[in-house]
Amino acid sequence: MEKSISLILTAHQLENMRSGISSTAVVYDVLRASSTIITALANGAHEIRPVLEPEEARQLYKDLSGKTDKSILLGGERKGEAIPGFHLGNSPLEYTREQVCNKTIIMTTTNGTRALINSHKAGAKKILIAGFLNQGALVESLRQEPSFTIVCAGIQGQFAYEDFLSAGLMLHRLLDEEGKYHLDDGALAALGLAKGIKNDPTAIFQCFHGRRLIAKNRKADVEFCATVDPFPVLPVFQKPGIHLSSPVPLPGN
Ligand code: 3SL
């Protein structure tokens with residue numbers, strides 16, 4: 001049977017869709033939430049708990065404190081900046097092994113965590129977290145999926161080039177046997193862009209969100225998020241938390 005791939009341009013679009021997601025969702029927020037989640041888990045974080053609002057994150061922090069043997073951190077951003085009172089912002093470079101190993105991180109970001117939660121509400125059977133950082137692992141896993149829907153987080157309800165480009169480059173790598181898949185118009189457009197641009201993730205330096213982060217002295221974040229394949233990991237969101245599909249062994253284990 002022909003496999004099908006569809007693409008949704010923004011997390012907000014999911015809120016107005018009449019039919020939900022009946023297949024696996026592949027969620028992209030390259031700048032920066034999905035890149036940060038991939039990095040945190042690759043560096044040994046025990047679990048990421050995505051929530052919509054900072055207040056919800058603070059409440060969950062109180063509720064979980066003392067009820068788990070894991071240390072808990074609050075992470076995320078609003079307007080690209082760390083949230084007052086939170087331990088970590090939304091730069092993947094902050095989520096080092098020393099900071100996050102074996103910890104639970106409660107995370108809220110403007111678009112990325114919304115895309116994950118909206119995908120869950122839309123009925124996605126499985127939710128994978130995607131970026132340049134884990135492109136190879138993702139491609140291998142998607143070869144086994146009958147069909148999937150790519151959810152680009154976007155930026156404040158608008159189209160975001162970096163998510164669309166990253167999805168397109170992943171499709172380009174996956175579709176070495178093109179005839180097997182039916183692509184909707186969004187997926188077809190992302191693939192077309194990727195074919196035109198060759199495999200050059202640094203194109204995200206020129207997009208709105210890339211330029212915005214560079215203007216905030218976050219060029220290192222953009223460079224890092226544009227790196228292909230440093231982490232062969234596959235984060236999966238199964239409410240309430242995100243874990244690796246097969247955990248990376250910790251040192252000493
Ligand atoms: O919107 C989000 O989820 C963030 O990733 C945006 S930012 O890169 O932290 O500004």
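Order of listing sets the numbers, starting from 1, for every ligand and every atom in it. Only a predicted model underlies this, so the values are computations on that prediction, with no experimental measurement involved.
- Considering backbone and side-chain N/O of D29, one or more are found under 3.5 Å from N/O of ligand 1.
- From the protein, the heavy atom lying nearest to atom 1 (O) of ligand 1 is N111 ND2, 2.6 Å.
- Annotation for ligand 1: atoms under 4.0 Å from non-hydrogen atoms of G80 are 10 (O).
- Under a cut-off of 6.0 angstrom, the local environment of CG in D63 is crowded, with over 12 non-hydrogen atoms contributed by other residues, nucleotides or ligands.
- The ligand atoms of ligand 1 that sit less than 4.0 angstrom from a heavy atom of R32 are 4 (C), 5 (O), 7 (S), 8 (O), 9 (O), 10 (O).
- For the residue pair E56 and T108, no side-chain donor N or O sits within less than 3.5 Å of a side-chain acceptor on the partner.
- The shortest N or O to N or O distance between L213 and ligand 1 is not below 3.5 Å.
- Counting heavy-atom neighbours within 6.0 Å of K239 NZ, excluding the residue itself, gives a total of 12 or less.
- The proximity of E77 to ligand 1, defined as any non-hydrogen pair under 4.0 Å, is limited to the side chain.
- Not one N or O on the side chain of K62 forms a donor-acceptor pair closer than 3.5 Å with the backbone of R58.
- Applying the 4.0 Å criterion to heavy atoms of A33 picks out, from ligand 1, the atoms 3 (O), 5 (O).
- Remark: ligand 1 atoms within the under-4.0 Å shell around heavy atoms of T110 are 1 (O), 2 (C), 3 (O).
- Within 6.0 Å of the NZ atom in K125, the count of heavy atoms belonging to other residues, nucleotides or ligands exceeds 12.
- With sequence neighbours excluded, no residue forms a side-chain hydrogen bond (donor to acceptor under 3.5 Å, both in side chains) with Q144.
- With hydrogens and angles ignored, the 3.5 Å screen pairs a side-chain donor or acceptor of D184 with a backbone N or O of A187.
- For the pair R114 and ligand 1, no heavy-atom separation below 4.0 Å is found.
- At a 4.0 Å heavy-atom cut-off, ligand 1 touches L31 through the backbone alone.
- A donor and an acceptor atom, one from each side chain of N90 and T109, are nowhere located under 3.5 Å apart.
- Taking every heavy atom of T109 and a limit of under 4.0 angstrom, the matching atoms of ligand 1 come to 2 (C), 3 (O).
- The aromatic rings of H243 and H46 sit perpendicular, their planes meeting at an angle over 60°, well past the 30° parallel limit.
- Taking every heavy atom of R212 and a limit of under 4.0 angstrom, the matching atoms of ligand 1 come to 10 (O).
- Within ligand 1, counting atoms from 1 as listed, the ones closer than 4.0 Å to a heavy atom of N90 are 4 (C), 5 (O), 7 (S), 9 (O).
- Residue-ligand proximity: K79 is placed with every non-hydrogen atom at 4.0 Å or more from ligand 1.
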